[in-house]
Amino acid sequence: KIVSVNNNIQDRKYYSVLSELPPSQTNELPSDWTFETDAFTNGIGSWGAQTSVVNDGSAPEGSYYGKVIPTVIGEYWDGGIFDPVSVVSNQEYTLSFYAKTNTSGRNVTVLINGDITTGWANRGLFEVVPLTNGWQYFSYTFLATATDPLANFYFEFGEDPGEVHIDNVILSQNSTPPPAPISILS
């Protein structure tokens with residue numbers, strides 16, 4: 001269940017001046033999704049894609065961004081990048097990132113799924129994100145549907161040709177909301 005969506009790049013730029021993440025939040029993704037290091041060599045996995053880290057002066061944050069070009073076109077799952085992540089049932093998470101494309105009408109699918117032992121069961125995040133030729137900021141808040149220490153976070157893009165550029169991908173676990181009050185009838 002998606003709780004909220006925000007793709008206002010101006011909001012993100014304002015808040016990023018204050019700090020990368022509020023002190024209470026950490027990135028749940030183990031690899032460097034800011035792409036300030038060569039994340040494709042040092043952690044982020046891929047299939048059906050050519051990947052690179054680019055420094056051409058256009059990154060929305062920092063100096064570098066990730067560029068992915070699908071090498072297999074078919075279904076969205078035919079090409080992608082991924083990182084392992086652990087999620088907790090009924091916990092609220094926020095995924096935020098910048099993305100753009102060089103091809104009009106291009107989408108990317110972001111999701112968190114279990115592994116093969118769970119039949120690739122979805123864990124609460126599945127969004128088809130429409131991209132444009134300019135950097136956009138996206139933010140999705142969702143509830144994890146199961147506890148899964150072996151889940152994977154994916155950007156999948158195999159159904160359309162064209163480059164996908166991404167930057168500053170952050171998956172943060174939000175504060176646990178207090179339980180709802182229980183009504184007691186006498």
With the side chain counted from C-beta on, respond yes when Phe35 and Asn168 share a heavy-atom pair under 4.5 Å apart, and no when they do not.
no
One pair to check against side-chain contact (heavy atoms from CB on, under 4.5 Å): Phe138 and Leu131. What are the steps and the verdict?
CA-CA 10 Å; Phe138 298 92; Leu131 301 180; 4.1 Å; yes
Testing the 3.5 Å rule here: is there a donor-acceptor pair between the side chains of Thr94 and Asn174?
yes
Say whether, by atom type as modelled, one donor and one acceptor occur between the side chain of Thr145 and the main chain of Asn122 under 3.5 angstrom.
yes
Under the salt bridge (charged side-chain N to carboxylate O under 4.0 Å, His left out) test, which residues partner Lys67, sequence neighbours left out?
Glu163
Residues which pass salt bridge (charged side-chain N to carboxylate O under 4.0 Å, His left out) with Asp148, listed by chain and number, not counting sequence neighbours
Arg123
Any side-chain to backbone donor/acceptor pair from Glu61 onto Thr34? Under 3.5 Å, distance only.
no
With side-chain contact (heavy atoms from CB on, under 4.5 Å) as the test, would you mind laying out the steps for Phe157 and Arg106 before giving the verdict?
CA-CA 9 Å; Phe157 40 74; Arg106 179 82 165 88; 3.3 Å; yes
Taking a hydrophobic cluster as the set of Ile, Leu, Val, Met, Phe, Trp and Tyr residues connected by side-chain heavy atoms closer than 4.5 Å, whether directly or through intermediates, do Leu111 and Trp120 fall within one such cluster?
yes
Which residue pairs pass the salt bridge (Lys or Arg N to Asp or Glu O under 4.0 Å) test when at least one of the two sits in residues 136-146, sequence neighbours left out?
none
Just wondering, do Gln91 and Gln173 contact through their side chains at under 4.5 Å, heavy atoms?
yes
List for me each residue that meets ring pair (Phe, Tyr, Trp, His ring centres under 6.0 Å) alongside Phe153, sequence neighbours excluded, and say none if there are none.
Trp33, Phe155
With the side chain counted from C-beta on, respond yes when Phe97 and Val129 share a heavy-atom pair under 4.5 Å apart, and no when they do not.
yes
Sidechain-backbone polar pair: Thr101 side chain, Val164 backbone, donor-acceptor under 3.5 Å
no
Decide yes or no for Lys100 and Asn133: does some side-chain heavy atom of the first lie under 4.5 Å from some side-chain heavy atom of the second?
no
Just how far is it from atom CD1 of Ile81 to atom CG of Asn152, taken to the nearest 0.5 Å?
12.5 Å
When you compare the side chain of Ser63 with that of Glu36, does any pair of heavy atoms fall below 4.5 Å?
yes
Test item: Val87 and Thr147 side chains (from C-beta on) under 4.5 Å apart, heavy atoms:
no
Any chance you could lay out the side-chain contact (heavy atoms from CB on, under 4.5 Å) test for Asp160 and Thr103, step after step, and finish with the verdict?
CA-CA 9 Å; Asp160 296 314; Thr103 307; over 6 Å; no
With sequence neighbours left out, which residue pairs that include part of residues 46-58 fulfil the salt bridge (Lys or Arg N to Asp or Glu O under 4.0 Å) condition?
none
Taking Ser139 for its side chain and Ser96 for its backbone only, find out whether a donor-acceptor pair lies under 3.5 Å.
no
What heavy-atom pair brings Ala144 and Tyr93 nearest, and what distance separates the two atoms?
CB-CE1, 3.8 Å
So, does Asp83 use its side chain to make a donor-acceptor pair with the main chain of Ile44 at under 3.5 Å?
no
ring-ring contact (aromatic ring centres under 6.0 Å, His included) contacts in which one or both residues fall within residues 51-73, not counting sequence neighbours
Tyr65-Trp135, Tyr65-His165
Taking the side chain as every heavy atom from C-beta outward, state whether Ile69 and Thr51 have any pair of such atoms under 4.5 Å apart.
no
With hydrophobic residues grouped by side-chain heavy-atom distances under 4.5 Å, do Val88 and Leu150 end up in a single group?
no
With a 4.5 Å limit on heavy-atom distance, are the side chains of Val85 and Leu171 in contact?
yes
From CA spacing to verdict: side-chain contact (heavy atoms from CB on, under 4.5 Å), Leu95, Ile170
CA-CA 6 Å; Leu95 170 70; Ile170 297 171; over 6 Å; no
For the pair Asp167 (side chain) and Tyr98 (backbone), establish whether a donor and an acceptor sit closer than 3.5 Å, ignoring hydrogens and angles.
no
In terms of heavy-atom contacts, Pro70 and Gly162 come closest through CD-O, 3.2 Å
